Number of protein chains: 2
Amino acid sequence: MNIGDVARQSGVPPKTIRYYEDIGLIRPNRSENGYRAFTENHVHKLAFLGRARALGFTIEDCRTLLALYEDENRESVQVKAVAEDHLRQIEEKIEKLQSMRTTLTDLVEKCAGDHRPDCPILADLSPVRMSE
Amino acid sequence: MNIGDVARQSGVPPKTIRYYEDIGLIRPNRSENGYRAFTENHVHKLAFLGRARALGFTIEDCRTLLALYEDENRESVQVKAVAEDHLRQIEEKIEKLQSMRTTLTDLVEKCAGDHRPDCPILADLSPVRMSE
DNA sequence: ATTGACCCTCCAGTTACTGGAAGCCTTATA
DNA sequence: TATAAGGCTTCCAGTAACTGGAGGGTCAAT
């Protein structure tokens with residue numbers, strides 16, 4: 001199978017597939033003409049990677065998850081640990097963003113948004129008190 | 001004032017200050033010895049940048065905000081537009097992350113997390129049905 | 001004169017791709 | 001058979017916003 005077919009079947013773009021090969025996530029063979037030769041298994045792996053990435057797992061997480069995926073002797077606790085860790089980081093990000101949102105919403109509400117220069121948003125960002 | 005003092009007063013690290021000069025956010029003079037020479041105004045600007053960055057504004061947003069900050073003829077609607085746009089992007093990110101969290105929380109809950117290989121997390125990532 | 005704390009520049013690495021250039025391979029059509 | 005379209009290849013560069021480190025001047029105090 002050529003890279004285009006695999007891209008279509010897995011949902012992962014050709015560029016990304018080549019990149020994944022570069023960093024050693026997949027190892028397709030080569031045809032005589034130099035084209036990458038993929039198997040069904042590669043399609044599965046790439047779809048796996050696509051889903052993992054969509055859930056926000058880093059490439060390194062993906063590497064780990066893929067290894068566990070292929071390891072018949074894995075213990076589910078290993079997988080769970082990776083997922084829990086990732087979950088924690090997502091929650092941290094959410095909290096950070098929510099805090100930003102709270103502040104920003106507040107500032108945006110306070111700002112008249114008219115032709116005058118006075119602006120509570122700039123006032124808040126500014127370390128010196130603006131027009132009082 | 002040298003870069004170290006400015007860093008302490010503004011809360012922005014020296015490396016970052018140099019970077020901000022590189023990309024044209026600030027333009028300190030130079031002393032005869034080649035050291036950057038900062039003024040109080042630079043400290044204000046850097047503190048401004050620090051706060052804007054903490055609210056998640058991009059560097060380009062910061063550039064715009066800084067220009068508005070210094071423009072006495074600005075209209076608050078300009079500032080508000082930047083903030084509202086940013087707020088929208090934050091909200092998008094939050095939604096994406098919350099969706100990930102929902103899925104991940106669900107998967108983590110379902111996973112036994114023991115010594116056995118069966119794992120709903122991997123099963124979900126996998127395009128082929130695992131052990132049924 | 002030397003030590004230690006600053007300061008300087010320049011280069012490289014981070015994350016996960018993505019775009020583009022230059023050029024071969026294959027397949028279909030005129 | 002010539003050629004054109006589309007697919008494949010490699011390699012280089014750029015993205016965002018820094019951060020770390022090497023190699024090397026400067027300054028203040030001892």
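Predicted model, so just to flag it, every value in this text is computed and none were measured. Within every chain, numbering begins at 1; the chains are lettered A, B, ... in the order of the sequence lines, protein sequences first and strands thereafter.
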Engineer: In whole angstrom, what separates B/Y19's OH from D/dG20's P?
Structural biologist: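 The distance from OH of B/Y19 to P of D/dG20 comes to 15 Å, rounded to the nearest Å.
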Engineer: Just to verify, what does A/K110 make a salt bridge (Lys or Arg N to Asp or Glu O under 4.0 Å) with, not counting sequence neighbours?
Structural biologist: A/D106
Engineer: Is any side-chain nitrogen or oxygen of A/Y20 closer than 4.0 Å to OP1 or OP2 of C/dA16?
Structural biologist: no
Engineer: Rounded to the nearest Å, what distance is computed from the CD1 atom of residue B/I17 to the P atom of nucleotide D/dC18?
Structural biologist: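 Answer to the nearest Å: 12 Å.
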Engineer: What is the distance, to the nearest angstrom, from the CD atom on A/E32 to the C1' atom on D/dC8?
Structural biologist: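 Roughly 16 Å, once rounded to whole Å.
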Engineer: Atom CD of B/E60 and atom P of D/dT15: how far apart are they, to the nearest Å?
Structural biologist: 11 Å
Engineer: Below the 4.0 Å mark, does C/dT18 have OP1 or OP2 next to a side-chain nitrogen or oxygen of A/T16?
Structural biologist: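 Checking A/T16 against C/dT18: at least one side-chain N or O falls below 4.0 Å of OP1 or OP2.
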Engineer: What is the distance, to the nearest angstrom, from the CD1 atom on A/I23 to the C1' atom on C/dT18?
Structural biologist: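 Answer to the nearest Å: 14 Å.
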Engineer: In terms of side-chain heavy atoms of B/P13, which of C/dT18, C/dA16, D/dT19 is nearest?
Structural biologist: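 Taking heavy atoms from C-beta onward, the closest nucleotide is D/dT19.
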Engineer: Whole-Å distance between D/dA17 P and B/F57 CZ?
Structural biologist: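 Distance, rounded to whole Å: 13 Å.
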Engineer: Does any pair with a residue in residues 80-122 of chain A pass ring-ring contact (aromatic ring centres under 6.0 Å, His included), and if so which ones, sequence neighbours excluded?
Structural biologist: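 ring-ring contact (aromatic ring centres under 6.0 Å, His included) check on residues 80-122 of chain A returns A/F57-A/H86.
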Engineer: If you measure from the Lys or Arg side-chain nitrogens to the Asp or Glu carboxylate oxygens, is any gap between A/R116 and A/D118 under 4.0 Å?
Structural biologist: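 Salt bridge flag = no for A/D118 with A/R116.
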Engineer: Evaluate the side-chain proximity of B/L25 to B/Y19: yes if any heavy-atom separation is below 4.5 Å, no if none is.
Structural biologist: no
Engineer: Against A/L122, only a single residue in A/P120, A/C119, A/S126 fulfils side-chain contact (heavy atoms from CB on, under 4.5 Å); can you say which?
Structural biologist: A/C119
Engineer: Heavy atoms under 4.0 Å is the rule here; annotate nucleotides 2-13 of chain C 5' to 3' with B where the base is hit, S where only the sugar-phosphate is, and - elsewhere.
Structural biologist: ----BSSBB---
Engineer: Tell me which one of A/K15, A/R27, A/R30 satisfies salt bridge (Lys or Arg N to Asp or Glu O under 4.0 Å) with A/E21.
Structural biologist: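 Going through the options one by one, the only one that passes is A/R30.
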